[in-house]
Asker: 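Following this message is one structure expressed as structure tokens.
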Amino acid sequence: MANKEIKEVKKVTTNTLQKMKAAGEKISMLTAYDFSFARIIDNAGIDIVLVGDSASNVIAGHETTLPITIDQMIYHASAVIRGVDRCLVVVDLPFGSYQSNSDIALASAIRIMKETGAHSIKIEGGEEVIDSVKRIVSAGIPVMGHLGLTPQSIYKFGTYTVRAKEADEANKLRRDAKLLEKAGCFGVVLEKIPAELAKEVTESLHIPTIGIGAGMHCDGQVLVMHDMLGINTEFRPRFLRQYLNLNEQVTRAVQQYISDVKGKSFPNENEQY
Ligand code: KIV
């Protein structure tokens, strides 16, 4: 018999999330980009892991999310999938893999699902991507929307400040949220918008909203793992709660290691053969 523990796990599905919203139970979501962290986060009980295109920033060191490719997203998502048993895994469609037309969007979503084993995809935008959302959903692929500060459009916005403060943009966001729900999205990320607008949108939808910098009334919250663990300490927006200062802890551990090697206290007699 295979030497593998048989785990009875109740998996989180899009239906689970719908029920959580209906029951008023908040949804927890974090990003992950590799096997080891995905395993820790899943074992800790997270509901959703997002393989975000923020990998472009926190893993590859790019200034924006634009350079990451679909092949790179597939590499990260495959590793994450190998690390999780329970949570729902959502994978970002990266910039350039869906904007041209709905044929390309569908082909990209199918590649992600087929080559990674992920459970769903996320796409940025509202009305502009509705045809693509409909076709991807029709193909049986769960889709999460993303409105507000959509980082793939950063050069259009020109700044990372709060979106939809003005009436026109707020009205478009209200309309887009409804369109995404009608097109079959199972949830919507609301990024960096006023809390009151997020509340209104959350109350107007049957599907859950997941906020990042969108206040306390969203049905769930998402953070970039590297930000909340304090790996990336330069990024300190108001919405970010930092749960660890891993940067400091890792620095101290590495300095101790260097000192032990140079001082000849590592390895000791018990640490050799
Ligand atoms: O890529 C990402 O990490 C995201 C979150 C900020 C929601 O899209």
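What's counted below: heavy atoms across the whole structure, side chains too, no hydrogens, waters or symmetry copies. As the structure lists them, so they are numbered: ligands from 1, and atoms in each ligand from 1.
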Asker: My understanding is that we take every heavy atom of each candidate and find the minimum distance to atom 2 (C) of ligand 1. Doing that for Ser54, Ala55, Pro151, which one comes out nearest?
Answerer: Ser54
Asker: For the residue pair Gln249 / Asn245, report whether a side-chain donor-acceptor contact shorter than 3.5 Å exists.
Answerer: no
Asker: Determine whether the side chain, the backbone, both or neither of Val224 has a heavy atom under 4.0 Å from any heavy atom of ligand 1.
Answerer: side chain
Asker: Without hydrogens or angle criteria, can the side chains of Glu63 and Asn57 be said to hold a donor-acceptor pair below 3.5 Å?
Answerer: no
Asker: Any side-chain donor-acceptor pair under 3.5 Å between Thr31 and Tyr33?
Answerer: yes
Asker: Return yes or no for this condition: an N or O of Thr31 is under 3.5 Å from an N or O of ligand 1.
Answerer: no
Asker: Verify whether one side chain among Gln99 and Glu128 offers a donor that lies under 3.5 Å from an acceptor in the other.
Answerer: no
Asker: Flag Glu191 as yes when one of its N or O atoms lies below 3.5 Å from any N or O atom of ligand 1, and as no otherwise.
Answerer: no
Asker: Mind telling me whether His226 and Phe37 have parallel, tilted or perpendicular rings, with 30° and 60° as the class edges?
Answerer: tilted
Asker: Does Thr65 approach ligand 1 within less than 4.0 angstrom via side chain, backbone, both or neither, non-hydrogen atoms only?
Answerer: neither
Asker: Does ligand 1 have any atom that is closer than 4.0 Å to a heavy atom of Lys122?
Answerer: yes
Asker: Nearest heavy atom to atom 4 (C) of ligand 1 wins, so pick from Leu190, Leu50, Val58, Asn57.
Answerer: Leu50
Asker: State, without any angle test, whether Glu191 and His146 hold a side-chain donor-acceptor pair at a distance under 3.5 Å.
Answerer: yes
Asker: Under 4.0 angstrom from ligand 1, any heavy atom of His146?
Answerer: yes
